[in-house]
Amino acid sequence: MSTSGQPQFRYTQTPSKVLHLRNLPWECIEEELIELCKPFGKIVNTKCNVGANRNQAFVEFTDLNQAINMVTYYASSSEPAQVRGKTVYIQYSNRHEIVNNKGPGDVPGNVLLVTIEGVEAGDVSIDVIHLVFSAFGFVHKIATFEKAAGFQALIQFSDAETAAAARDALDGRSIPRYLLPDHVGSCHLRISYSAHTDLNIKFQSHRSRDYTNPYLPVNPTAIEGFAQPAVGPDGKKKEPESTVLLASIENMQYAVTVDVLHTVFSAFGTVQKIAIFEKNGGTQALIQYPDVTTAAVAKDALEGHCIYDGGYCKLHLSYSRHTDLNVKAYSDKSRDYTIPESSLLAMQQAPTAWENRPPAPMYQGSEFGAGGAVPGQAPGGQVPSWDPNMQAGRPNFVSAPGTFRSQTYAPSAPAYATGSHQPNVGPGGASPPGQPPYYR
DNA sequence: AGCACA
């Protein structure tokens, strides 16, 4: 018989060596928490920018007495605890240790993963993204893509400091309205760190840009308005050949594993990579061969055939627009047979290859083979997994009014619409190169 | 200004 259902009342929480701090400035950083708390004892862990407004934090002392000292001190002090001039409210946390202090997206790096909420890929041009983020320093590269979380961009800066300045200033903010199409409501930026350090941009396109290499070839199929469906002599859509086959598995009464597919497709040559994913309620797989010829042979030989007798697991094959799959070397849904098993552990730091697709204008979807290090998708900052959402693309890609050729780069930075009230620019005292935006 | 979500 406990009274566990009883709510915690104010001022009656049991002491904990973990303190809960609230009303912090939203740009508060760990160092400021430590500065505030260390007079009372040793801090073993912190978690800042907690909550939807990022204005809460947790601080964990080595022992309970230190936490009690801090709480009692400020309970009777005439000077309230402050960070950046804001009064900070301190109480015991209802937990006794800080768990999971750093997720993958919290490990600082020079590449930001930006999720632009509430927009479609066509709503925010890469030039707008470039403009917004250039306020904090030279943007080396940008890659955009769509996945379940929404429209996302990886933005590469020179260093982690510049990236952090951009993140601190823009996370939770909106892109200024005048930079967006009228139909876009709000578009909040959610920014975390990517595990990438150097994006591999193969082409300048409406989805990717390498500003360090202006001579990088333009991918003509990736320019808005240029792409037209490739049509064969018979008037049907023509699929360009590829080393990567897309297999749709029909009537899948039995589990089809990576190993099963490897066995089936190895009959025609070396299988380099396999990825299995769900698409529209069905199961599909991508199978990569070293050359187009092998892929063509396998495609013709297996098309319409069943993996198991009795019409089970019938294969329908087409060429994928992927040219090089970016898959986890070893998982239950994917395999990279080109990676020696001995080096699987070293794969942890392997960079993502931003693969371009061959000229395949009927696919207006992403030309990239992988997503970024999305929290929850690439735990521990490991190699991002191949993203099944990339496969089908979006046939009805909405054209953005500005193509990348006609877009000019305004030298001045935009103002940011925000509900907050921070007059400050250049967070943390660091003065970013370029023109910092004003916030109002 | 009121408790983290990988």
Side-chain angles (χ1 to χ4, degrees), chain A residues 4-34 36-37 43-61 64 66-68 70-109 112-113 115 117 147-150 152 167-168 171-172 188 190-196 328 331 348 371-385 387 419-422:
Chain A
S4 59
Q6 187 178 326
Q8 294 272 1
F9 293 108
R10 304 177 196 219
Y11 314 125
T12 60
Q13 284 161 314
T14 55
S16 162
K17 61 184 170 30
V18 180
L19 298 182
H20 175 227
L21 290 75
R22 56 186 205 272
N23 200 38
L24 289 158
W26 74 285
E27 58 275 72
C28 176
I29 56 174
E30 182 182 38
E31 283 66 32
E32 292 168 300
L33 292 179
I34 293 172
L36 179 68
C37 301
I43 294 120
V44 293
N45 207 350
T46 68
K47 188 176 181 70
C48 55
N49 307 119
V50 166
N53 297 326
R54 299 169 58 88
N55 60 0
Q56 299 172 46
F58 296 93
V59 172
E60 181 177 341
F61 286 99
L64 186 61
Q66 297 167 341
I68 292 174
M70 183 162 182
V71 169
T72 54
Y73 174 85
Y74 282 112
S76 60
S77 169
S78 55
E79 295 290 315
Q82 288 189 328
V83 170
R84 300 193 192 200
K86 281 191 81 179
T87 295
V88 177
Y89 300 88
I90 302 169
Q91 62 188 165
Y92 300 113
S93 172
N94 54 26
R95 301 198 202 176
H96 288 86
E97 62 177 348
I98 292 176
V99 296
N100 202 26
N101 188 38
K102 280 204 190 312
D106 298 324
V107 181
L112 296 177
L113 173 65
T115 302
E117 296 172 344
K147 50 168 51 183
Q152 295 190 312
R167 187 192 112 117
D168 291 344
D171 191 16
H188 291 287
R190 288 269 100 95
I191 305 179
S192 61
Y193 293 104
S194 165
H196 295 283
K328 272 190 181 153
S331 81
Q348 309 271 321
V374 182
Q377 167 128 16
Q382 294 174 6
V383 181
S385 60
D387 184 349
S420 191
H421 52 78
Q422 307 299 329

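We name chains A, B, ... by the order of the sequence lines, and we start the count at 1 in each one.
- One can place CG of A:Asn45 at 20 Å from P of B:dC3, the figure rounded to the nearest angstrom.
- Between the NE2 atom of A:His96 and the P atom of B:dC3 there is a distance of 17 Å, given to the nearest Å.
- Annotation: of the two residues near DNA chain B, A:Glu97 and A:Asn23, the 5′-most nearest-nucleotide partner is A:Asn23.
- Remark: A:Arg22 engages no residue in a salt bridge (Lys or Arg N to Asp or Glu O under 4.0 Å) (not counting sequence neighbours).
- One cannot find a donor-acceptor pair under 3.5 Å joining the base of B:dG2 and the side-chain atoms of A:Gln56.
- Among A:Val50, A:Asn45, A:Leu21, the single residue meeting the side chain to side chain contact (heavy atoms under 4.5 Å, CB included) criterion with A:Phe58 is A:Val50.
- We find that CD of A:Gln13 is positioned 13 Å from C1' of B:dA1, with the value rounded to whole Å.
- Judged by closest nucleotide on DNA chain B, A:Tyr89 is the one of A:Tyr89 and A:Arg95 placed further toward the 5' end.
- The distance between atom CZ of A:Arg22 and atom P of B:dA4, rounded to the nearest whole Å, is 14 Å.
- Residue side chain A:Phe58 meets the stacking definition with respect to B:dA4: its ring centre sits within less than 5.5 angstrom of the base's six-membered ring centre, and the planes differ by less than 30 degrees.
- Listed by chain and number, the residues in a ring-ring contact (aromatic ring centres under 6.0 Å, His included) with A:His188 amount to none (sequence neighbours excluded).
- Note that the CZ atom of A:Arg190 and the CG atom of A:Asp171 stand 5.5 Å from one another [nearest 0.5 Å].
- Taking atom NE2 on A:His20 and atom P on B:dG2, their separation rounds to 8 Å, with Å as the unit.
- Within 4.0 Å of A:Glu60, counting heavy atoms only, lies no atom of the nucleic acid at all.
- Rounded to whole Å, the distance from CG on A:Asp106 to P on B:dA6 is 10 Å.
- One interatomic measurement links the two molecules: OH of A:Tyr74 to P of B:dA1, which rounds to 18 Å at whole-angstrom precision.
- One interatomic measurement links the two molecules: CG of A:Asn94 to C1' of B:dC3, which rounds to 5 Å at whole-angstrom precision.
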